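In listed order, ligands and their atoms are each counted from 1. Predicted model, so just to flag it, every value in this text is computed and none were measured. Residues: numbered from 1 along the sequence shown.
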Amino acid sequence: MNIHEFQAKSLFAQYGIPVPFGKAVYSVDEAEQCAKEIKTDVVVIKAQIHAGGRGKAGGVKLAKDKKDVGKLAGEILGKVLVTHQTGPEGRCVRKLLVEEGININKELYLSLLVDRTYSRPVFITSLEGGMEIEEVAARTPEKVIKEYIDPSVGFQQFNGRNMAFKLGLEPDVIKQFVSMAGKLYRLFVDKGASLIEINPLVITKDNRLIALDAKVSFDDNSLFRHEDVKAFRDLDEEEELEIEASKHGLNYVKLNGNIGCMVNGAGLAMATMDVIKLAGSEPANFLDVGGGASKETVKHAFQILLADNNVKGVFVNIFGGIVRCERIAGGILEAAKEVKLTVPLVVRLDGTNAKEGLEMLRSSGLNLEVASNIWEGAQKIVKLVGGKK
Ligand code: GDP
Ligand code: MN
């Protein structure tokens with residue numbers, strides 16, 4: 001789960017990590033009100049959406065004079081912001097963060113995430129902050145510093161000093177850096193985060209270290225034990241169909257292709273997406289209906305697939321192990337009763353009671369094609385939708 005910058009900064013503040021003074025606002029009036037509480041001359045207005053790259057896209061504005069705050073806030077609020085992370089459809093800005101302006105001397109990069117290969121948390125830091133870290137890593141990998149943390153002992157002061165020395169920070173900044181890294185590590189572990197990213201982490205003209213931006217993502221599987229984190233969830237920022245899917249316990253991720261896939265098991269779902277690409281088209285989603293899918297779940301899954309206007313064909317690829325194929329067939333038939341099937345459907349059922357399932361579908365009069373294996377199924381559906389999107 002992702003949260004907004006202003007929420008991440010409130011967590012930072014709880015852990016004693018320095019952030020600029022500021023507030024989240026929902027209207028131009030509130031923005032002007034908030035500006036009055038700010039002591040600096042310059043006020044920063046930042047669009048709050050779950051996507052980075054706002055600066056370049058016009059979602060971060062500096063008001064040199066407090067009089068301009070209302071006007072600038074009005075320019076961003078309600079606007080659809082298109083950044084390199086939102087996709088071409090962009091995101092509607094519903095909230096702003098109004099903050100004190102900071103006198104920046106240097107912009108650094110600092111993040112903490114889990115390195116799956118080494119099964120350890122790792123800090124990543126660089127003097128090249130502010131811009132996209134991916135670019136820095138691609139062009140000048142030597143400027144990206146990594147510090148692995150042994151999770152059995154946790155963060156140690158020397159971890160912080162290792163990074164600070166490699167960055168070449170000045171002595172009084174080193175102290176602040178080591179302290180900040182320790183606090184970030186504590187937050188990361190306490191709250192079940194999967195990523196904390198500060199870009200830029202700035203050194204001010206008077207040598208203070210401040211988190212100017214804040215991005216925090218959480219491990220969804222740990223949310224049940226963090227009510228405070230769960231309360232940060234903003235459904236406005238989530239895909240409508242994904243919210244609907246999560247209500248029915250489906251693992252669904254919307255993608256940009258045109259072939260809807262209904263599959264059981266994450267591994268088979270990934271393989272199905274690969275094979276659709278190999279056959280010359282793109283999947284419209286990842287969907288794992290799970291091992292113990294009931295007729296009801298399958299029905300909901302099918303409805304969700306068809307609710308996506310990009311879907312020009314559906315490929316059902318089920319291996320019946322725990323789930324029996326006639327249940328899947330039953331679910332598809334139930335769904336077809338409620339939503340009209342207007343796109344081609346290819347079904348591959350294998351495993352437990354596959355014959356019975358296929359027979360049910362065939363005798364239903366539903367317009368569908370059957371495939372006896374995954375490759376044949378993928379080729380059939382790609383042909384039926386006429387190849388690429
Ligand atoms: P992002 O583009 O979505 O990552 O948004 P950021 O929060 O990183 O802001 C983008 C850029 O705006 C930063 O790299 C800074 O250069 C600039 N910026 C943000 N806040 C301030 C501030 O208080 N003072 C100054 N001078 N620049 C700021
Ligand atoms: Mn940033």
Atoms in ligand 1 flagged as close to G55, the criterion being non-hydrogen separation under 4.0 Å: 1 (P), 2 (O), 3 (O)
Test item: protein heavy atom less than 4.0 Å from atom 17 (C) of ligand 1: no
Heteroatom of D213 nearest to the Mn ion (ligand 2) (N, O or S, atom name): OD2
Ligand 1 to K56 polar contact by distance, N or O atoms, under 3.5 Å: no
Distance filter under 4.0 Å to V44 heavy atoms, resulting ligand 1 atoms: 20 (N), 21 (C), 22 (C), 23 (O)
Structural part of N199 in contact with ligand 1, heavy atom criterion under 4.0 angstrom: backbone
Shortest protein contact, atom 12 (O) of ligand 1 (heavy atom only): V60 CG1, 3.8 Å
Enumerated ligand 1 atoms positioned under 4.0 Å from heavy atoms of L212: 18 (N), 19 (C), 20 (N), 21 (C), 28 (C)
Minimum heavy-atom distance between Y252 and N285, given as atom pair plus value: CE1-CB, 3.6 Å
Validation row: M262, I332 side chains within 4.5 angstrom (heavy atoms): yes
Protein heavy atom at shortest distance from atom 25 (C) of ligand 1: I104 CD1, 3.5 Å
Atom indices of ligand 1, in the order listed, that fall short of 4.0 Å to a heavy atom of G101: 23 (O)
Verdict with reasoning, S179 to K175, per side chain to side chain donor-acceptor pair (under 3.5 Å): CA-CA 6 Å; S179 155; K175 246 189 180 162; over 6 Å; no
Crowding at CG, D115 (>12 non-hydrogen neighbours, <6.0 Å): yes
Atom of A57, atom of K79 and distance for their closest heavy-atom approach: O-NZ, 4.2 Å
Close-contact set for ligand 1 against K46 heavy atoms, below 4.0 Å: 6 (P), 7 (O)
Which of the ligand 1 atoms, numbered from 1, are nearer than 4.0 Å to a heavy atom of E107: 13 (C), 14 (O), 15 (C), 16 (O)
Atom 21 (C) of ligand 1: any protein heavy atom closer than 4.0 Å: yes
N, O or S of E197 under 2.8 Å from the Mn ion (ligand 2): no
Under 3.5 Å: N/O of I102 near N/O of ligand 1: yes
Atom 3 (O) of ligand 1: nearest protein contact (heavy atom, Å): R54 NE, 2.7 Å
Non-hydrogen side-chain atoms of Y185 and N159 separated by less than 4.5 Å: no
Validation row: K36, K66 side chains within 4.5 angstrom (heavy atoms): no
pair V263-D288: side-chain heavy atoms closer than 4.5 Å: no
4.5 Å side-chain heavy-atom contact, I210 and P20: yes
Side-chain donor-acceptor contact under 3.5 Å, N2 with S217: yes
Geometric N/O contact E5 with ligand 1, under 3.5 angstrom: no
Criterion ring-ring contact (aromatic ring centres under 6.0 Å, His included) against F123, the qualifying member of F188, F155, F177, Y148: F155
Distance from atom 4 (O) of ligand 1 to nearest protein heavy atom, with residue and atom: D213 OD2, 3.1 Å
